[in-house]
Amino acid sequence: MHNKKIKEIYNLLYDEYGPQGWWPIKGKYFPEKEDPFEITIGAILAQNTTWKNAQRAIMRLHDADLMNPEKILKLPEEKLAEIIKPSGYYNQKAERIKTISRYYMNWQKQNRIPGRNELLSIKGIGPETADSILLYAYHQPVFVIDIYTKRLFSRTGIANENIKYEKLQNRIQSELLKDHLNDEKVFREYHALIVEHAKRHCRKKPECGGCVLKIKGICMYKSTNKMEGET
DNA sequence: ATCCAGGCGTTAT
DNA sequence: ATAACGCATGGA
């Protein structure tokens, strides 16, 4: 029933911001081909921090010539933690990156890609990280739900703000399916567009001025400029 | 200075 | 089953 809205939001955001090109990272390191390992590690490093800080940690791994599972496994955990420090939570993340590196080597050796439940069984990989890895590292058609996605679909009246991860994901995927927009390229682009839009307008503290969704009448959210002290 | 950022696991209610 | 908390850096 909100089918039209979900498709329309995608089209509006795409027209507004254009293709986002999330992965691979554009830069001096391997710009010619994307590296599933780097994307996997990047998904961990990006947890609950800014992309800029995650990218700093990724660059430091490249600078140390450590962007592969074998070298990471040989490196003492404290060294790894030091290198990825800018991403925050560096002790947790170092431990988890080591674990995932071991799994990654097995996937490579077995010439297969991980399944969602397998990813979820790994400590440090929750639903969003699992889906980010599947979508951005392995091009599987799964829609990533993050805090921005919940916020945007909540404020546009498409979902309750406390909706569960898989429920919102199923809703979006099934409605995009009706419009034949259920391919991984759209999913990648849509998620990235949501993040961009959330950074510019649909922030925690909303900046609704100039929001294309508001202008086009898709979003009715009122950006209440703090009027808490009401009776 | 306070708040937030491309979350997750553990522990308390 | 859900809520609260710890993990930690860097920018606004």
For this session: Tell me, with the steps shown, if A/Gln140 and A/Asp131 meet side chain to side chain donor-acceptor pair (under 3.5 Å).
Result: CA-CA 9 Å; A/Gln140 300 304 294; A/Asp131 290 337; over 6 Å; no

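- Counting to the nearest Å, the C1' atom of B/dG7 and the CD1 atom of A/Ile133 are 12 Å from each other.
- Under the ring pair (Phe, Tyr, Trp, His ring centres under 6.0 Å) test applied with A/Phe37, the options A/Trp107, A/Tyr138, A/Tyr103, A/Tyr104 reduce to a single match, A/Tyr104.
- A/Ile194 comes within contact range of no nucleotide atom at all, as no heavy-atom separation falls under 4.0 Å.
- With hydrogens and angles ignored, the 3.5 Å screen pairs no side-chain donor or acceptor of A/Thr49 with any backbone N or O of A/Ala46.
- Annotation: of the two residues near DNA chain C, A/Asn91 and A/Lys52, the 5′-most nearest-nucleotide partner is A/Asn91.
- Per the geometry, CD1 belonging to A/Ile97 stands 15 Å off P belonging to B/dG7, to the nearest Å.
- Between A/Ile125 and A/Ser132, the residue anchored nearer the 5' end of DNA chain B, judged by the nucleotide with its closest heavy atom, is A/Ser132.
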Please enumerate all protein N or O atoms sitting under 3.5 Å from an N or O of nucleotides 1-3 of chain B, with distances to 0.1 Å.
none

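- As a whole-Å value, the separation of A/Lys85 NZ from C/dA8 P is 10 Å.
- Taking atom CD of A/Glu128 as the reference point, atom C1' of B/dG9 lies 15 Å away to the nearest angstrom.
- Taking atom P on both nucleotides, B/dT11 is separated from C/dA8 by 16 Å, rounded to a whole Å.
- Counting only residues at least two apart or in different chains, ring pair (Phe, Tyr, Trp, His ring centres under 6.0 Å) contacts with residues 197-218 of chain A comprise A/Tyr17-A/His197, A/His197-A/His201.
- Across C/dG10, B/dG7, C/dA8, the shortest atom-to-atom separation from the side chain of A/Arg56 is found for C/dG10.
- Contact annotation: A/Arg60 side-chain N/O to C/dT9 OP1/OP2 distance is not under 4.0 Å.
- When the side-chain nitrogen and oxygen atoms of A/Tyr90 are compared with OP1 and OP2 of C/dT9, one or more of them lie within a distance under 4.0 Å.
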For this session: For salt bridge (charged side-chain N to carboxylate O under 4.0 Å, His left out), just list the numbers for A/Glu70 and A/Lys74, CA-CA rounded to whole Å, side-chain angles, deciding distance to a tenth of an Å, and then say yes or no.
Result: CA-CA 6 Å; A/Glu70 293 87 350; A/Lys74 276 188 249 172; over 6 Å; no

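- When all heavy atoms are compared, the tightest approach of A/Gly124 to A/Arg96 is CA-CD, 3.5 Å.
- Picking from C/dA8, C/dG10, B/dG9 the nucleotide with the shortest atom distance to the side chain of A/Lys123 gives B/dG9.
- The distance from atom CD1 of A/Ile100 to atom P of B/dG9 is 10 Å, rounded to the nearest whole Å.
- OP1 or OP2 of B/dC8 sits under 4.0 Å from a side-chain N or O of A/Thr129.
- Residue A/Trp51 contributes atom CH2, which lies 11 Å from atom P of B/dG7 at whole-angstrom precision.
- A perpendicular orientation is assigned to the rings of A/Phe143 and A/Phe187, their planes being inclined by more than 60° (bins at 30° and 60°).
- Spacing between atom NZ of A/Lys150 and atom P of B/dA5 amounts to 13 Å, rounded to whole angstrom units.
- Ion pair A/Glu196/A/Arg200 flagged as a salt bridge, since at least one NZ, NE, NH1 or NH2 atom sits closer than 4.0 Å to an Asp/Glu carboxylate oxygen.
- Looking at heavy-atom distances under 4.0 Å, A/Ile122 makes contact with sugar-phosphate atoms alone, never a base.
- You'll find that the side chain of A/Asn48 is closest to C/dA8, out of B/dC8, C/dG10, C/dA8.
- Among A/Lys164, A/Lys150, A/Glu128, the one residue that satisfies the side chain to side chain contact (heavy atoms under 4.5 Å, CB included) test with A/Ile145 is A/Lys150.
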Write down the protein N/O and nucleotide N/O pairs, taken from nucleotides 2-6 of chain C, whose separation is under 3.5 Å; answer none if there are no such pairs.
{"from": "C/dT2", "atom 1": "OP2", "to": "A/Lys164", "atom 2": "NZ", "distance (Å)": "3.4"}

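- Taking the six-membered ring where the residue is Trp, A/Tyr136 and A/His191 present tilted rings, their angle falling between 30° and 60°.
- For A/Ile147 and B/dC4, the CD1 to C1' distance is 9 Å, given to the nearest whole Å.
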